[in-house]
S.K.: 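Before I ask anything, here is the structure I am working with.
Numbers for residues simply follow the sequence, beginning at 1.
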Amino acid sequence: GKVGTLTAESVERDFAVLYTGGQTVLTEPAALFHVEKHTKKTADLAARNGVNLEGSTTPWLYPATTAWLYAPFTLLSFTWAFWTMTALNLIALIFSLHIMADFLDAQNCRFLGLCALATPAITGTLLHGQTAIFTVLLVTLAIREKSASRAGLWVGLLAFKPVLVLQMMGWLAIKRRWRALAIAIGISAALALASIATSGIAGLKDHLALLRAVGSHSLNAAVIVSQP
């Protein structure tokens with residue numbers, strides 16, 4: 001289709017959630033973790049842009065500081081922001097594969113390329129405007145990095161999407177890279193404080209309550225789908 005039109009097949013709910021988070025942090029950051037408000041904003045955005053949410057949407061589960069990463073995208077229309085994210089994802093994917101290739105011989109490099117082209121996870125990330133490729137990039141940078149300062153930086157920045165930050169801190173500890181670990185902890189702590197400053201104490205309480213509700217499966221399944 002045309003660049004000006006996104007269909008439900010080309011981008012579903014995920015980038016709508018991220019784009020809405022970028023809008024909310026600029027206008028009402030304390031509402032980031034308010035399920036009903038975030039759901040309504042995402043649903044309204046989806047309706048205006050022809051994105052199929054199938055009657056459901058996902059609340060914002062990331063730290064509040066992560067929403068600031070998406071605020072610049074809101075300077076663009078939703079459609080152009082999505083294509084910009086797609087371009088950045090492709091660049092991050094190429095860079096990640098280039099780093100991985102340094103650890104492989106020629107035959108395994110070709111196998112890596114085939115896996116990247118064939119895996120549904122990468123295809124889904126690109127089609128739905130998700131952010132997992134940037135997590136892969138940070139992990140690969142950290143593993144390759146010999147400098148303690150930069151290794152700590154890459155691991156610390158994982159706190160923007162903290163699914164792997166504790167695991168990577170554990171990896172630094174196993175490798176006895178104590179200076180890198182200290183830097184990573186410091187960066188993660190700074191981002192946590194920045195999140196509290198962004199959403200306030202009330203927002204922090206809402207975030208913790210939301211995470212507990214997700215963990216206990218007490219939220220309506222029509223509201224919780226999946227975090228991109």
S.K.: Working to the nearest 0.5 angstrom, can you tell me the gap between Leu93 CG and Ile133 CD1?
M.R.: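 Nearest 0.5 Å value for the CG-CD1 distance: 4.5 Å.
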S.K.: Are Leu69 and Phe95 linked, directly or through intermediate hydrophobic residues, by side-chain heavy-atom contacts shorter than 4.5 Å (ILVMFWY only)?
M.R.: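 Hydrophobic grouping puts Phe95 with Leu69.
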S.K.: Start with the C-alpha distance between His207 and Ser195, add both sets of side-chain angles, then the distance that settles side-chain contact (heavy atoms from CB on, under 4.5 Å), and finish with yes or no.
M.R.: CA-CA 10 Å; His207 190 194; Ser195 287; over 6 Å; no
S.K.: Are the side chains of Leu137 and Ile99 in contact, using a 4.5 Å heavy-atom criterion?
M.R.: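 Heavy-atom side-chain distance check passes, below 4.5 Å.
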S.K.: Locate the shortest heavy-atom distance separating Tyr19 from Ser77; write the atom from each residue and the value.
M.R.: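 Between these two residues, the closest heavy atoms are OH-C, 3.8 Å.
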S.K.: I'd like to know if the side chain of Glu145 reaches the main chain of Ser147, judged simply by a donor and an acceptor atom lying under 3.5 Å from each other, with no hydrogens or angles considered.
M.R.: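 Flag set: sc Glu145 to bb Ser147 pair under 3.5 Å.
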S.K.: Check whether any side-chain N or O of Asn89 sits under 3.5 Å from a backbone N or O of Thr131 as a donor-acceptor pair, and report yes or no.
M.R.: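 Between the backbone of Thr131 and the side chain of Asn89 there is no qualifying donor-acceptor contact (under 3.5 Å).
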S.K.: Using every non-hydrogen atom in the two residues, find where Leu158 and Leu164 come nearest and quote the distance to one decimal.
M.R.: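 Here Leu158 and Leu164 meet closest at CD1-O, 4.3 Å.
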S.K.: Is there a donor-acceptor contact under 3.5 Å from the side chain of Arg177 to the main chain of Lys146?
M.R.: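 Between the backbone of Lys146 and the side chain of Arg177 there is a qualifying donor-acceptor contact (under 3.5 Å).
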S.K.: Are Trp171 and Trp178 connected in the hydrophobic side-chain network, where two residues link if heavy atoms are under 4.5 Å apart?
M.R.: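 Hydrophobic grouping puts Trp171 with Trp178.
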S.K.: Taking atom CG of Leu18 and atom OH of Tyr70, what is their separation to the nearest 0.5 Å?
M.R.: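 Leu18 CG to Tyr70 OH: 4.5 Å, rounded to 0.5 Å.
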S.K.: Dump the intermediate steps for side-chain contact (heavy atoms from CB on, under 4.5 Å) on Glu28 and Lys37, then the final yes or no.
M.R.: CA-CA 10 Å; Glu28 194 181 4; Lys37 286 184 178 180; 3.0 Å; yes
S.K.: Tell me whether Thr66 contacts the main-chain N or O of Tyr62 through its side chain, where contact means a donor paired with an acceptor under 3.5 Å.
M.R.: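 It does not hold such a pair.
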S.K.: For the aromatic rings, using the six-membered ring if either is Trp, is the centroid distance between Phe134 and Phe160 under 6.0 Å?
M.R.: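 Between Phe160 and Phe134, which both carry aromatic rings, the centre distance is not below 6.0 Å.
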S.K.: Determine whether the aromatic ring centres of Phe82 and Trp80 lie less than 6.0 Å apart.
M.R.: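 No, too far apart.
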S.K.: If you look at every heavy atom in Ala159 and Pro63, which pair is closest and at what distance?
M.R.: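 Looking at all heavy atoms of both residues, the closest pair is O-CG, 3.6 Å.
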S.K.: Would you give the length of the straight line joining atom CG of Asp14 to atom CE of Met85, rounded to the nearest 0.5 angstrom?
M.R.: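 The CE atom of Met85 is 10.5 Å from CG of Asp14, to the nearest 0.5 Å.
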S.K.: Cluster question for you: counting only ILVMFWY and a side-chain heavy-atom cut-off of under 4.5 Å, with indirect links fine, are Leu193 and Ile187 together?
M.R.: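 Different clusters.
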S.K.: What is the ring orientation for Trp60 with His38, classed by angle as parallel under 30°, tilted 30 to 60°, or perpendicular over 60°?
M.R.: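 Correct class here is tilted.
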S.K.: Would you compute the distance between atom CD1 of Ile183 and atom OG of Ser188 and round it to the nearest 0.5 angstrom?
M.R.: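 Result: 11.5 Å between the selected atoms.
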S.K.: Step by step, would you call His34 with Lys40 a side-chain contact (heavy atoms from CB on, under 4.5 Å)?
M.R.: CA-CA 10 Å; His34 191 287; Lys40 184 179 186 308; over 6 Å; no
S.K.: Would you say that Met168 contacts Thr135 through its side chain, given a criterion of any heavy-atom pair below 4.5 Å between the two side chains?
M.R.: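 In short, these two side chains do not touch, never coming nearer than 4.5 Å.
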S.K.: For the CZ atom of Phe15 and the CZ atom of Phe78, what is their distance to the nearest 0.5 Å?
M.R.: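 That separation rounds to 6.0 Å.
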S.K.: So how far is it from Ile174 CD1 to Leu181 CG, rounded to the nearest 0.5 Å?
M.R.: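 If I round to the nearest 0.5 Å, the distance is 11.0 Å.
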S.K.: Checking Val25 against Leu32 for the side-chain contact (heavy atoms from CB on, under 4.5 Å) test, could you report, in this order, the C-alpha distance in whole Å, the side-chain angles of both residues, the deciding distance, and whether it holds?
M.R.: CA-CA 7 Å; Val25 79; Leu32 266 174; 4.3 Å; yes
S.K.: I'd like to know if Leu141 and Met169 are part of one continuous hydrophobic network [Ile/Leu/Val/Met/Phe/Trp/Tyr, side-chain heavy atoms within less than 4.5 Å].
M.R.: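 Yes: a chain of side-chain contacts under 4.5 Å links Met169 to Leu141.
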S.K.: Measuring only between side-chain heavy atoms, which start at C-beta, is Pro59 closer than 4.5 Å to Thr39?
M.R.: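 Contact flag for Pro59/Thr39 side chains = no.
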S.K.: Report whether Val17 and Leu26 are members of the same hydrophobic cluster (ILVMFWY, side-chain heavy atoms less than 4.5 Å apart, transitive linking).
M.R.: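 Yes, Val17 and Leu26 fall within the same hydrophobic cluster.
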